[in-house]
Amino acid sequence: MILFFQQWHGELLKLFARRRTYIGFGAFIALEILLLLLIKRFGMGPIQKAIVGSGESFEYYFSALTVASTIMGFSIFLLGALFLSLVAGDIVAKEGEDGHMRLLLARPVSRFRLLLLKYLTCSGYAFFLVQFFAWTSFLLGLVLRGWGGGYFAIVPEVSVVAFYDWGAGLQRYALSSLYLGVSMTAISSIAFFLSCFRIKPAAATIGALTYILVDFIIRTSGFMESYQHFLITKHMSAWGRVLAETIDWPLVCRGYAVIFAVNITLFTLGYAVFESRDLKS
């Protein structure tokens, strides 16, 4: 087990040694600063209307938590999908293209172990990237509004609108960021699966991003209203349910059961494809 963690540590070092790994972090910081300036200049019109329309005080609920949650809601899915597809689509295909995979398999390590380490690496990256975005958004919210106030949580995808005081709101915000991090591993799993084929890293990235965007467009268009349970983005939105005042745990558990099943299935299929490839000749 110690050797396994040492090998995983090596994979993480290799991942973070690549410059493209940091593109997502830099893009999120730039976006947060831009949105922060826009909020400071033009305010939060739609959010203000929603808070006032609910009969609550905008000044009280216009807090760092509300700002951070709004910034995440605007951008985490589309930008997250882009950068997670970029990293996970590269993690196997790039080493196969460069010939590094032959050197790795020359050592006494099974293909399953090697692939599992890479899958855990890109899944860990997905979770960490979401946490980074969530808490840097919160820090920027603190710069704008300071500590304290209420928390106005709104997730239209799952019809959640809730109001919290600071302490309870901070706990719900932290909990939702954890669930969101797990949800985003579905995107990295799709890109990882495509990366196991004998294709260019860019093809795996574009393929995963295309699938997620098509899935999202079909769901939001309303054409599959009665069949949304077949769409992965429907289940990924289960993270928003933990922000409800009364959490519907059966629906949350069902959504994450599907996400875990999809992740396991994609890893298994990816391993089957990877195992059948001739990498040593």
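Any value given below was found using the heavy atoms of this structure, including those in side chains, with hydrogens, waters and symmetry copies removed.
Checked by atom type and distance alone, the side chain of Ser195 pairs as donor or acceptor with a backbone atom of Gly89 at under 3.5 Å. A donor-acceptor contact shorter than 3.5 Å is absent between the side chain of Asp215 and the backbone of Leu231. Between the side chain of Tyr256 and the backbone N or O of Leu251 there is no donor-acceptor pair closer than 3.5 Å. With hydrogens and angles ignored, the 3.5 Å screen pairs a side-chain donor or acceptor of Ser63 with a backbone N or O of Gly150. Judged purely by atom type and a 3.5 angstrom limit, Glu275 has no side-chain atom pairing as donor or acceptor with the backbone of Arg111. Judged purely by atom type and a 3.5 angstrom limit, Ser75 uses its side chain to pair as donor or acceptor with the backbone of Ile71. A donor-acceptor pair is defined here as one N or O able to donate and one able to accept, closer than 3.5 Å; such a pair exists between the side chain of His235 and the backbone of His229.
Shown here is Arg254, whose CZ atom has no more than 12 heavy atoms of other residues, nucleotides or ligands within 6.0 Å. Counting heavy-atom neighbours within 6.0 Å of Phe4 CZ, excluding the residue itself, gives a total above 12.
For the atom pair Thr121 OG1 and Gln7 CD, the distance stands at 11.0 Å (nearest 0.5 Å). Rounded to the nearest 0.5 Å, atoms CG (Leu15) and SG (Cys122) are 8.5 Å apart. Once rounded to the nearest 0.5 Å, the distance linking CD1 of Ile190 with CG of Asn263 reads 8.5 Å. The distance from the OG atom of Ser189 to the CD1 atom of Ile259 is 9.5 Å, given to the nearest 0.5 Å. Here the straight-line distance linking atom CG of Leu36 with atom CG of Leu139 works out to 11.5 Å at 0.5 Å rounding. Separation of atoms CG (Leu84) and CG (Leu129) is listed at 5.5 Å; rounding is to 0.5 Å.
For the pair Ile51 and Phe62, the minimum side-chain heavy-atom distance is 4.5 Å or more. Put simply, the side chain of Lys118 reaches to within 4.5 Å of the side chain of Lys14, judged on heavy atoms. Side-chain contact between Asp165 and Tyr60: present, with at least one pair of heavy atoms (C-beta onward) separated by less than 4.5 Å. For the pair Ile218 and Val214, the minimum side-chain heavy-atom distance is below 4.5 Å. Looking at Met236 and Leu180, their side chains never come closer than 4.5 Å, going by heavy atoms from C-beta outward. You'll find the side chain of Phe25 reaches within 4.5 Å of the side chain of Phe128, heavy atoms only. The shortest side-chain heavy-atom distance between Leu213 and Leu78 falls under the 4.5 Å cut-off. Using a 4.5 Å heavy-atom threshold, the side chains of Tyr125 and Ser188 count as separate.
Across all their heavy atoms, Ala64 and Trp166 have their closest contact at CB-CH2, 4.2 Å. Across all non-hydrogen atoms, the minimal contact from Thr66 to Phe152 is OG1-N, 3.1 Å. Summarising the geometry of Leu269 relative to Phe193, their closest heavy-atom pair is CB-CE1, 3.6 Å, with the distance given to 0.1 Å. Closest heavy-atom contact between Ile232 and Ala186: CG1-CB, 4.1 Å. Closest approach of Leu65 to Leu170, counting heavy atoms only: CD1-N, 3.5 Å. Closest of all the heavy-atom pairs between Ile187 and Ser85 is CG2-OG, 3.8 Å.
There is no path of hydrophobic side-chain contacts, each under 4.5 Å, that joins Ile217 to Phe77. Transitive grouping of hydrophobic side chains (ILVMFWY, heavy atoms separated by less than 4.5 Å) keeps Leu86 and Ile206 in distinct clusters. Follow the hydrophobic side-chain contacts under 4.5 Å out from Phe260 and you reach Tyr179 in the same cluster. Linking ILVMFWY side-chain heavy atoms closer than 4.5 Å, directly or via other members, places Trp249 and Leu178 in a single hydrophobic cluster. Cluster annotation: Phe127 is not connected to Leu13 through the hydrophobic network of ILVMFWY side chains, with a link wherever side-chain heavy atoms come within less than 4.5 Å.
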Item to check | Steps toward side-chain contact (heavy atoms from CB on, under 4.5 Å) verdict (Leu38, Leu34) | outcome: CA-CA 6 Å; Leu38 291 175; Leu34 176 61; 4.2 Å; yes

Quiz prompt | Verdict with supporting geometry, Glu59 and Arg145, salt bridge (Lys or Arg N to Asp or Glu O under 4.0 Å) | solution = CA-CA 10 Å; Glu59 282 300 318; Arg145 298 295 297 172; 3.5 Å; yes

### Query
Which is it for Leu140 and Val67 under the side-chain contact (heavy atoms from CB on, under 4.5 Å) test, yes or no, and what are the steps along the way?
CA-CA 8 Å; Leu140 288 175; Val67 170; over 6 Å; no

Test side-chain contact (heavy atoms from CB on, under 4.5 Å) on Leu209 and Leu82; report intermediate values, then the result.
CA-CA 6 Å; Leu209 187 59; Leu82 173 61; 3.7 Å; yes

Checklist entry - Checking side-chain contact (heavy atoms from CB on, under 4.5 Å) for the pair Glu32/Leu35: CA distance, chi angles, key distance, verdict? => result CA-CA 5 Å; Glu32 289 167 354; Leu35 290 177; 6.0 Å; no

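The aromatic rings of Tyr173 and Trp135 stand perpendicular to each other, their planes meeting at an angle above 60°, with 30° marking the opposite boundary. Taking the six-membered ring for Trp and thresholds of 30 and 60 degrees, Tyr119 and Phe267 have ring planes inclined between 30 and 60 degrees apart.
Aromatic pair Tyr61/Tyr151: ring centres not closer than 6.0 Å. You'll find the ring centres of Phe132 and Phe28 outside the 6.0 Å limit. For Tyr211 and Phe216, the distance between ring centers is not under 6.0 angstrom.
A salt bridge does not link Glu157 with Lys234: none of the charged nitrogens is closer than 4.0 Å to a carboxylate oxygen.
Counted by atom type alone, Thr205 and Asp90 present zero donor-acceptor pairs between their side chains at under 3.5 Å.
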